2 protein chains.
Amino acid sequence: MLLRIDVNSEETLYSQLSNQIKYGIARGYLMPGEDLPSVRGLASELGINMHTVSKAYATLKEEGIIIINRSKGVKVSDEVLISRDDDYGKIFDKKMTELIAEGLCNGYDKDQFMNKANQLFDEIGGK
Amino acid sequence: MLLRIDVNSEETLYSQLSNQIKYGIARGYLMPGEDLPSVRGLASELGINMHTVSKAYATLKEEGIIIINRSKGVKVSDEVLISRDDDYGKIFDKKMTELIAEGLCNGYDKDQFMNKANQLFDEIGGK
DNA sequence: TCAACTGTTATAGTGTTATTATAACAGTTA
DNA sequence: TAACTGTTATAATAACACTATAACAGTTGA
């Protein structure tokens with residue numbers, strides 16, 4: 001899977017990386033159990049520092065989305081897309097509430113929110 | 001409207017403030033045209049610095065959600081909840097895509113996403 | 001066994017951001 | 001004039017983001 005970063009973005013580099021990997025998994029570009037590039041390899045490929053990649057991987061590991069093995073490397077979790085972490089429930093609620101509130105402040109009512117969600121799920125290909 | 005901040009939160013103080021104000025508007029606690037506390041008054045009330053409040057207000061002004069008048073003070077935009085800023089469309093798409101992707105990685109499929117959205121809109125009271 | 005690869009840890013430097021603290025400025029209003 | 005608005009400027013501290021080296025420990029293949 002192709003990963004890109006924009007050094008001029010306001011979003012931090014490691015956040016760009018982790019978001020792209022999450023999107024790749026959701027989209028099916030990355031399959032459960034699939035290997036990810038090594039921290040050194042990806043850093044070299046992207047022209048950034050090893051630790052920046054390591055931090056992105058560390059956050060994904062913290063969320064249970066990838067599995068890191070000290071000697072074997074990094075891969076997508078086998079149970080991702082299936083198992084739900086209960087601790088994530090509150091985080092998800094808070095993020096969606098913020099999106100709904102901000103959307104309402106910008107003229108997105110419930111119908112428009114739902115239509116946009118439907119459209120984006122179609123694009124991603126989620127059932 | 002009651003505003004609170006948690007200095008131990010990972011979220012920045014000004015981000016907490018702006019999110020709560022957006023939620024207050026969405027929820028109807030704050031009405032279009034309604035006055036907001038002065039930067040000094042709110043800072044004093046919350047026990048934080050004037051500039052931190054000022055930054056929260058500045059970001060909300062940037063998003064067109066509040067109106068700042070150098071001498072009259074701060075108030076909620078009159079057209080908030082109605083008018084849509086076209087520039088916000090891309091931001092909204094990106095944020096929702098990220099939420100969908102992250103949700104999918106944590107076991108939230110489309111049905112669960114939609115159900116949660118319905119539930120939260122009911123709680124907020126959006127039509 | 002040796003070399004090459006994994007992620008991890010440590011240390012250090014630089015630049016940016018978040019927050020606080022004062023102070024002054026300019027416009028409005030009673 | 002006095003008291004209130006937001007704004008701007010300056011400075012200090014702390015935390016964060018990113019980079020640069022270097023070393024460590026486990027695994028794997030030649």
Side-chain angles (χ1 to χ4, degrees), chain A residues 1 3-22 30 33-78 80 98, chain B residues 1 3-22 30 33-78 80 98:
Chain A
M1 178 198 176
L3 294 171
R4 283 180 233 153
I5 53 167
D6 174 10
V7 294
N8 296 317
S9 168
E10 291 183 12
E11 191 179 1
T12 60
L13 302 184
Y14 70 85
S15 176
Q16 290 180 50
L17 272 184
S18 63
N19 274 328
Q20 282 182 53
I21 290 172
K22 286 176 192 170
L30 292 170
E34 183 173 342
D35 284 335
L36 288 171
S38 70
V39 290
R40 287 180 181 80
L42 184 52
S44 168
E45 186 180 330
L46 296 174
I48 62 177
N49 193 271
M50 175 184 59
H51 294 103
T52 306
V53 175
S54 183
K55 180 161 186 176
Y57 280 175
T59 64
L60 292 167
K61 174 189 175 189
E62 196 72 23
E63 298 176 56
I65 293 174
I66 66 174
I67 292 175
I68 302 181
N69 186 299
R70 199 185 185 97
S71 54
K72 292 180 184 171
V74 185
K75 67 170 188 170
V76 180
S77 290
D78 297 296
V80 74
E98 279 177 13
Chain B
M1 178 197 174
L3 294 171
R4 284 181 230 152
I5 53 167
D6 175 11
V7 293
N8 296 318
S9 169
E10 290 183 15
E11 191 179 3
T12 60
L13 301 184
Y14 72 85
S15 176
Q16 292 180 47
L17 271 185
S18 63
N19 275 328
Q20 282 182 53
I21 290 171
K22 286 175 191 168
L30 291 170
E34 183 173 341
D35 284 337
L36 287 171
S38 71
V39 290
R40 287 179 180 81
L42 184 52
S44 168
E45 187 182 330
L46 296 174
I48 63 177
N49 193 273
M50 175 183 60
H51 294 103
T52 306
V53 175
S54 182
K55 179 159 186 177
Y57 280 175
T59 64
L60 292 168
K61 174 190 174 187
E62 196 71 23
E63 297 176 56
I65 293 173
I66 66 174
I67 293 175
I68 301 180
N69 186 298
R70 200 186 185 96
S71 55
K72 291 180 186 171
V74 185
K75 66 169 190 172
V76 180
S77 289
D78 297 296
V80 74
E98 281 176 11

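Order of the sequence lines fixes the chain letters, A, B, ..., with proteins taken first and strands second; residue numbering starts at 1 for each chain. Please read all numbers here as calculations on a predicted model, not as lab measurements.
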Q) Sequence neighbours excluded, which residues qualify as side-chain contact (heavy atoms from CB on, under 4.5 Å) partners of Arg40(A)? A)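 For Arg40(A) the side-chain contact (heavy atoms from CB on, under 4.5 Å) partners, ignoring immediate neighbours, are Ser38(A), Met50(A).
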Applying side-chain hydrogen bond (donor to acceptor under 3.5 Å, both in side chains), name anything that partners [X], two or more places apart in sequence or on another chain.
{"X": "Lys55(B)", "result": "none"}
{"X": "Asp78(B)", "result": "Lys75(B)"}
{"X": "Asp35(B)", "result": "none"}

Distances under 3.5 Å between protein N/O atoms and the N/O atoms of nucleotides 21-23 of chain D, please, pair by pair.
residue : atom : partner  : partner atom : Å
dT21(D) : O4   : His51(A) : NE2          : 3.4
dA23(D) : N6   : Arg40(A) : NH2          : 3.3

Pairs under 3.5 angstrom only: tabulate donor-acceptor contacts from the side chains of residues 57-68 of chain B to other protein residues two or more places apart or in another chain.
residue  : atom : partner  : partner atom : Å
Tyr57(B) : OH   : Pro37(B) : O            : 2.7
Thr59(B) : OG1  : Ala56(B) : O            : 2.8
Glu63(B) : OE1  : Lys22(B) : NZ           : 3.3
Glu63(B) : OE2  : Lys22(B) : NZ           : 3.4

For residues 9-18 of chain A, dump all side-chain donor-acceptor pairs below 3.5 Å to protein atoms at least two apart in sequence or in another chain.
residue  : atom : partner  : partner atom : Å
Ser9(A)  : OG   : Glu11(A) : N            : 2.9
Glu11(A) : OE1  : Lys94(B) : NZ           : 3.2
Glu11(A) : OE2  : Ser15(A) : OG           : 3.0
Glu11(A) : OE2  : Asn19(A) : ND2          : 2.6
Thr12(A) : OG1  : Ser15(A) : N            : 3.4
Gln16(A) : OE1  : Asp6(A)  : N            : 2.8
Gln16(A) : NE2  : Asp6(A)  : O            : 3.0
Gln16(A) : NE2  : Glu11(A) : O            : 3.0
Ser18(A) : OG   : Tyr14(A) : O            : 3.3
Ser18(A) : OG   : Ser15(A) : O            : 3.2

(Q) Please determine whether side chain to side chain contact (heavy atoms under 4.5 Å, CB included) holds for the pair Leu36(A) and Leu30(A), giving the CA-CA distance in whole Å, both sets of side-chain angles, and the decisive distance to 0.1 Å. (A) CA-CA 9 Å; Leu36(A) 288 171; Leu30(A) 292 170; 4.0 Å; yes
Q.
In this structure, how many angstroms lie between the C1' atom of dT19(D) and the CG atom of Leu46(A), rounded?
A.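 Between C1' of dT19(D) and CG of Leu46(A): 15 Å.
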Q) Roughly, in whole Å, what's the span from CD1 in Ile68(A) to C1' in dT8(C)? A)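 That distance rounds to 10 Å.
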Provide a list of protein-nucleic acid N or O atom pairs under 3.5 angstrom, restricted to nucleotides 25-30 of chain D.
residue : atom : partner  : partner atom : Å
dT27(D) : O4'  : Ser71(A) : OG           : 3.3

Q) In residues 8-20 of chain B, which ones come under 4.0 Å of DNA chain C, going by heavy atoms? A)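 Residues of residues 8-20 of chain B under 4.0 Å from DNA chain C: Thr12(B), Leu13(B), Tyr14(B).
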Q.
Please list, in numerical order, the residues of residues 52-67 of chain B that have a heavy atom closer than 4.0 Å to any atom of DNA chain C.
A.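 Hits under 4.0 Å, by residue number: Thr52(B), Lys55(B).
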